[in-house]
Structure formats: structure tokens, C-alpha cells
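For reference, the structure is listed below as C-alpha cells.
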Protein chains: 2
Amino acid sequence: MPKPAPTATPSRPCPPGAAKPAAPAKARATIADVALAAQVSKATVSRYLNGRTDILTPDMAKRVQEAIASLQYRPSPMAQALKHGRTRLIGLAVADVTNPFSVAVLQGAEKACQAAGYLLVLFNLGNEAGRERDAMHALSAYQLDGMILNRVDTSAQLWQDAQLHGKPIVLVDRFQEGLDADFVTVDNPGVVQIAMDHLQQQGFDEVLLVTEPIADVSSRTARQQAFARYIQSQAPTMQGSVWESTADGASALQQHLQHWQQQAQQAGRRPAVLAGNAVASLRVATAVHALGWVPGRELGIIGVDETDWAALVGPGLSTVAQPTDALGQAAATCLIERIQGLQSPARTVELPGTIIVRGSTKSPSN
Amino acid sequence: MPKPAPTATPSRPCPPGAAKPAAPAKARATIADVALAAQVSKATVSRYLNGRTDILTPDMAKRVQEAIASLQYRPSPMAQALKHGRTRLIGLAVADVTNPFSVAVLQGAEKACQAAGYLLVLFNLGNEAGRERDAMHALSAYQLDGMILNRVDTSAQLWQDAQLHGKPIVLVDRFQEGLDADFVTVDNPGVVQIAMDHLQQQGFDEVLLVTEPIADVSSRTARQQAFARYIQSQAPTMQGSVWESTADGASALQQHLQHWQQQAQQAGRRPAVLAGNAVASLRVATAVHALGWVPGRELGIIGVDETDWAALVGPGLSTVAQPTDALGQAAATCLIERIQGLQSPARTVELPGTIIVRGSTKSPSN
DNA sequence: TTGTAAGCGTTATCAT
DNA sequence: ATGATAACGCTTACAA
């Protein structure tokens, strides 16, 4: 006599009087339950679910539909996956959730996935190469339908695993040589061009590119190369140099900045820093702050990636914003197309950046 | 004659002599493949996998182990889930990924999950109540083993769904009245106490609490109540007031700040803002910036939640940091314990915050 | 100690 | 048009 259920008490705020402490939580309804309730076969229910309503007697359809409603039935994606290998799960592996760029892309991807009825599974690689392996394992183990990938270590080649099981992959922001996958990225040369044009226009002629370690990260390489090329071919009077900044290199960066700025001024040049991404921007801003400088006064600053706080430091930090939302959406869309069978050769989607001018690059003459 | 199995060729690396050009990406090895290769039954393989090595002949164990290795076999979590209902998947639903607090908690949770062999599935609710439903549906549909929840809308009660299927839930940061679930949170009264003590010590006696709309969010309520109580009982000479700030209320906030500050000064009081979380801090900092003020000069500022940029604005923003990583880990740990069958009554884990003093609350007399 | 077989919730191939 | 029935990859009584 587990539950007499007196009709007099409809609202039961969890009465503590039960003998068995926890009711075993009745299981989800299955297709068999529906079939039983509707007095039809499982096959019929399945057909109804898969939209084959054209070959169903209205009567049957109605019965099934009612049974489904009354039982609150929802098909089990796991069981479906077991059958035909598709889970409607998409993996998104980001190098570092801490980077606002990753989060912004995530949001874009989320939209597209949601719209297409896919669920997004996040893998935060935390910049550790090892976790990338785990993510790829999960891709095949959990039968994810595909993966959006922001690679941590472009040198390693663990593609075998993934490719072998025929799961499509889309690369974001970081390209992988020799992998047959769509690639979604901001137009890196364009971004650098925009930033440099602006700096030049504002009269800066000594530019330091501060970037996270370039290593094998394609986006960093692309920006660095565009930077070098720009100075060489479009700004012969400019001086350019590069500083690779690491997490524990705060004081080194600060010292270098001080030196470099001093030299520039002594040479009668106007110095500006171009930060390669949001992380670099934060480091530069921190160093500048520590030196007691004001962005736009001792030096110009412009950073790739718009951030929450860009407007708040000093007179505001100029930035070149990436179209993060569009990048995320494009990546997800590409992937979903592949999942749905698209067979065209690997595509590259390249989206433009947008400059946001603030006080840190105002020419002092103004 | 499915398998003559010539003992001479134990290892067959997929000879490329097939007629069909593009290999359809050979499927993952299954337990049957392993059984076949090892010349044992599927049951034996299963037993090996489940650690029942004690009842296995060393010989068998070795054969199985070799077959697994050579086939690169990994059991399918989906199939396992179908069998016994556990997926080793944990859901984490955060109100808003854009909030650094959420990301920080995510990282903590990730650690604990990874350590225990669980995969974390992220649901970004984007502050939309509707998406919470979706997340709960996914919880049962994908048979996630449990869910860590940072509720968006505490007024709605969609608990039926989840509870019914007996999946454990852990609440983070936001409490849900009448739900039998563990709850992990920072010590909100303590956080407010720390902040207010500091303000009082620095000679501020007119404090404005700027918070996101309190509505039904327990953490905001808790902070607000602690704020009111503090002033009433521990700082009789202090004046306190509250401002609820919304995303589109930037100019309203700015105006109010201006008014309020003016009044305070005219009354000979020293004004300070206590921002209720990182989002509120950003809004306050933005308004202050727009007014041309400097934190610590026209007013004191202290915010709950440490952020990347706190050190950078003006002389630095004082904050009370939440132990985000520990919160995430605690939440995941609690959940995993529940998943593994722990039956104790709902627990509350309350972790202390830590003050970080910067220029925005330095008393001008110093 | 090991193998056989049933079943988890679906879908798909047959008959009917 | 509908219903048995056999998979999908795995675990687990139950037999041997």
C-alpha cells in the first residue's frame, strides 16, 4: 500500500511520513508503453514519430498522438543513437574558456545548434594538449555527430582517431595543415591591416606587436606575418617589432615596454602597441597600469578582440572586434551541413573584423 | 566460413586493396569484434572490462587485453547507458556564460568531474527561463547522471520532470525553496559583512548597494538582506540604499549615482558603492567612467566577484572574491556522491569569500 | 570459470 | 496500412 492518495490533498509539499524514504522515481515512458496505451505496435508509433503520417490511418495517428501526450513520451536519443549512430550532439572544444573569445564563439555556435535541434557539449581544453585527446575520444565514444575544434596544439596529429570514424570536424580560429575540414576564421590579414592603417593615420610610427607565444598557432602566425608584411610594403617609415608574452612573463613584458618606449621617444618616434588578442591586451594594459602610464599618452594601444572592460581603462582601449557570434554560428552551420551529408571539398569561411576607436589611439595632436 | 583465422596473420592492418575508392570510415570496434578476435565470448570481454579480473583465467584475460589493444576498442557509453541507465555525463546549467563567475565555477566543476571520470555537458541558459526547460528535458532524455544547476527563474517550478526520473541535482549560488537538493554557495552574509566592515573602516558612511534585479534570485536577496541588517545593527551611523540596475538602465544608473553622490557630499557623508556581483561592478565602473569620476575619489567602490580587469580601472577596484573554483568542485563532488548513491538529507555547503583591497576604497585621508 | 541468451529503447526489414 | 521481428552494443542472470 505505497500510496493511498486521498483525493482531498492535491498539493503535497513532501510529507515526511513515508516508510520507504525515497520513491524509486518512476521511469520514463518508452515506445512500448505508448504502443500499449494506444493499442498499436511499436512500429506504428515509430512511424508516427518519424513523420510517416502520410501512411497512417487518421484514427491510428490520433490514438498514438494522444498516448504520447498523456504519457509525456519523448524518444530516447541514446537508443536512437544505438540504432543509427546519430546523437544530435555536437562537441565544441575550446582552447580556453577563460578567453572571452571562446565564450563569445560558444554563444554563436549555441544559437545555430539550438536552431537546428542539436545539443552542444563543451570541452574546455584549458590549453592542455592532453585534454584534446580526451575530447577526440569522447567524440567517437559518445558518438557525437561532429566537433567544432579550437586546437590547442597544432603540432600533434591525433586526427587518425577522429577521421577514422567518419565524424566531421570544423576548425575555428586555428587552422590545421593537412586536415580535410572546414575552417572558420576572422580575416586575420584584414584585421591587422585595419589596426595598422588606423595607427598610421594617427601618426604612430613605432609599433610593437605583443602576442601570446606564436608557436604553431595559425591565427597568431597569420597576424604576425600580416604585421611584418604591412610594415615592409605599406609603411616603409614605420618600425615594427614583436614581443611574445607568457602568463608568467609580466615583469619581463613591463621592462621591455619601458625600454622600447624610451628608445622610441629618444628617436623621435611615436610608439604604439598592437596586442594580438584579448589575453595580450590584458597583459599590456596591466603592464601599462603598473608603469603608471596612461594608454594614449606614453604610447598608443590597440588590441585585437573587443572586451567588456576595454572602455574602462584610462581613456578607453581601441580594439578590432572579431565577429565572434558570426564565427560561432558559421562553424556550427558548416558542421551541421557536413553532418547532414554535404560532400563538397573543405571550405574556408573568413569574416571581417570591426575597429572600435577609443582614447588609447587618439593622436595627441588632436 | 566467416573466419578461417590463419594463425600466421594475427595483425591485419586493413590492406588497401579494396575496389571501392573512399573507405566509408571503418566503424568503431565493438565488443563482439573483441570477443571474436580473442576467441572468447562477449560476456568474458564484458567481465574483463568491468574489472572482474579475479574470476578470469590469466590466459583469457591476456587474450582479451591484447584484442582490446590491437583493435583500439573502447566500450560505447551509449550502449552501456541503454543497459543500466548511467552515462557518466553531468549537466551544468549556468544562468549566463557571459558572467565570469559562471565560467570560473565551470572550471572548478570540470576538474572534479574529470577526476571522477565524468564528462561535463554545458547548458548556457542565457538568462532565458525557457531554456531551463530544455536543459531539464535533456537531463532525462540523454540520461545525464545528474545536473548542476544555476537557476534562472526561481519562481517557476519545473522540478517534477527532473525529480520524477530520480536524477540528482545540485544547486549552485541560487537556492530553490522546497527542492530537496544539495546547495553550494558562497557565504553571502559573510561576504557582505567583509565588504561593509572594510568600507566602515575606511570611513565611508553612505553606502549604495547596486545589484542586478533582485527578483527571486536567492543570492541577490541574501546579499541585500545582509546589507540591510548590517546597517541596522552594526553601523547605526551609516546610511544605506539600494539600486537595482538593468542591462538597459545605464543612463538611469549614471544619473542616480550623480544625484546620490551629490546629496551625500552635501550632507557631509562619504559615499561608497557596493556592487552586488561582477555584472553590477561593470555597470558601476562604466557609469563612473562616463561621469568622468575616478574610483576612490568621488566615491568608494567595492564589488562582489573578482574580475580580470578589476586592477586596471582607475587606481584599481576593491573586490570580495568568491571561491569560484572551490564552489564548482564542491558542487560536482556533491553531485557525484549523490549519483553514487549517497542518501543523506540535502546538504548546504557554504564557502567564505576573500577581500582584495585596491585603490577604489582607500580612504582619502591616507 | 566461461558461454548462452535475454533485454535496454529504437528503427528497419520483412510479412501480412 | 500495420504488425512481428531482428538488429544496434552492451550487461547480466542463468546454464554449463
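The analysis underlying the following values was restricted to heavy atoms, covering all of them including side chains, and did not include hydrogens, waters or symmetry mates. In the text below, chain A, chain B and the rest are named by the order of the sequence lines, each starting its count at 1.
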Touch class at under 4.0 angstrom, heavy-atom based, for A/Y73 against every strand present: sugar-phosphate
Atom pair distance, as rounded to whole Å: CD1 in A/I31 and C1' in D/dG3: 13 Å
Proximal nucleotide (of C/dT11, D/dT12, D/dG9) relative to the B/N50 side chain: D/dT12
Nearest-0.5 Å distance that lies between atom CG in B/L119 and atom CG in A/L122: 9.5 Å
Proximity to the side chain of B/S41 - top-ranked nucleotide from D/dA4, D/dT11, C/dG3: C/dG3
Beyond-backbone contact of A/V94 with A/V105, side-chain heavy atoms, under 4.5 angstrom: no
Length of the CD-P vector between B/Q39 and C/dG3, whole Å: 10 Å
N or O in side chain of A/S76 less than 4.0 angstrom from C/dT10 OP1/OP2: no
Rounded distance (Å) that lies between atom C1' of C/dG3 and atom CD1 of B/I55: 12 Å
Sugar-phosphate, base or nothing in reach of B/M60, heavy atoms under 4.0 Å: sugar-phosphate
For atom CZ of B/R74 and atom C1' of D/dC10, their distance in whole Å: 16 Å
Any donor-acceptor N/O pair under 3.5 Å between D/dG3 base and A/R47 side chain: yes
Residues A/R133 and A/E128 bridged, charged N to O under 4.0 Å: no
Between C1' of D/dT11 and CE of B/M78, the distance in whole Å: 17 Å
Proximity to DNA chain D (any heavy atom under 4.0 Å), residues of residues 82-91 of chain A only: A/L82, A/K83
B/Q80 side chain near D/dT11 phosphate (N/O to OP1/OP2, under 4.0 Å): yes
Side-chain N or O of A/T44 closer than 4.0 Å to phosphate OP1/OP2 of D/dT2: no
Any donor-acceptor pair under 3.5 Å from A/N150 side chain to A/V172 backbone: yes
Salt bridge flag under 4.0 Å for residues A/R28 and A/D33: no
Atom-pair distance (CG on B/L36; C1' on D/dG9), nearest Å: 15 Å
SB check A/R347 A/D182 (cutoff 4.0 Å): yes
A/T57 side chain near D/dA1 phosphate (N/O to OP1/OP2, under 4.0 Å): no
Side-chain touch B/F123/B/L92, heavy atoms, less than 4.5 angstrom: no
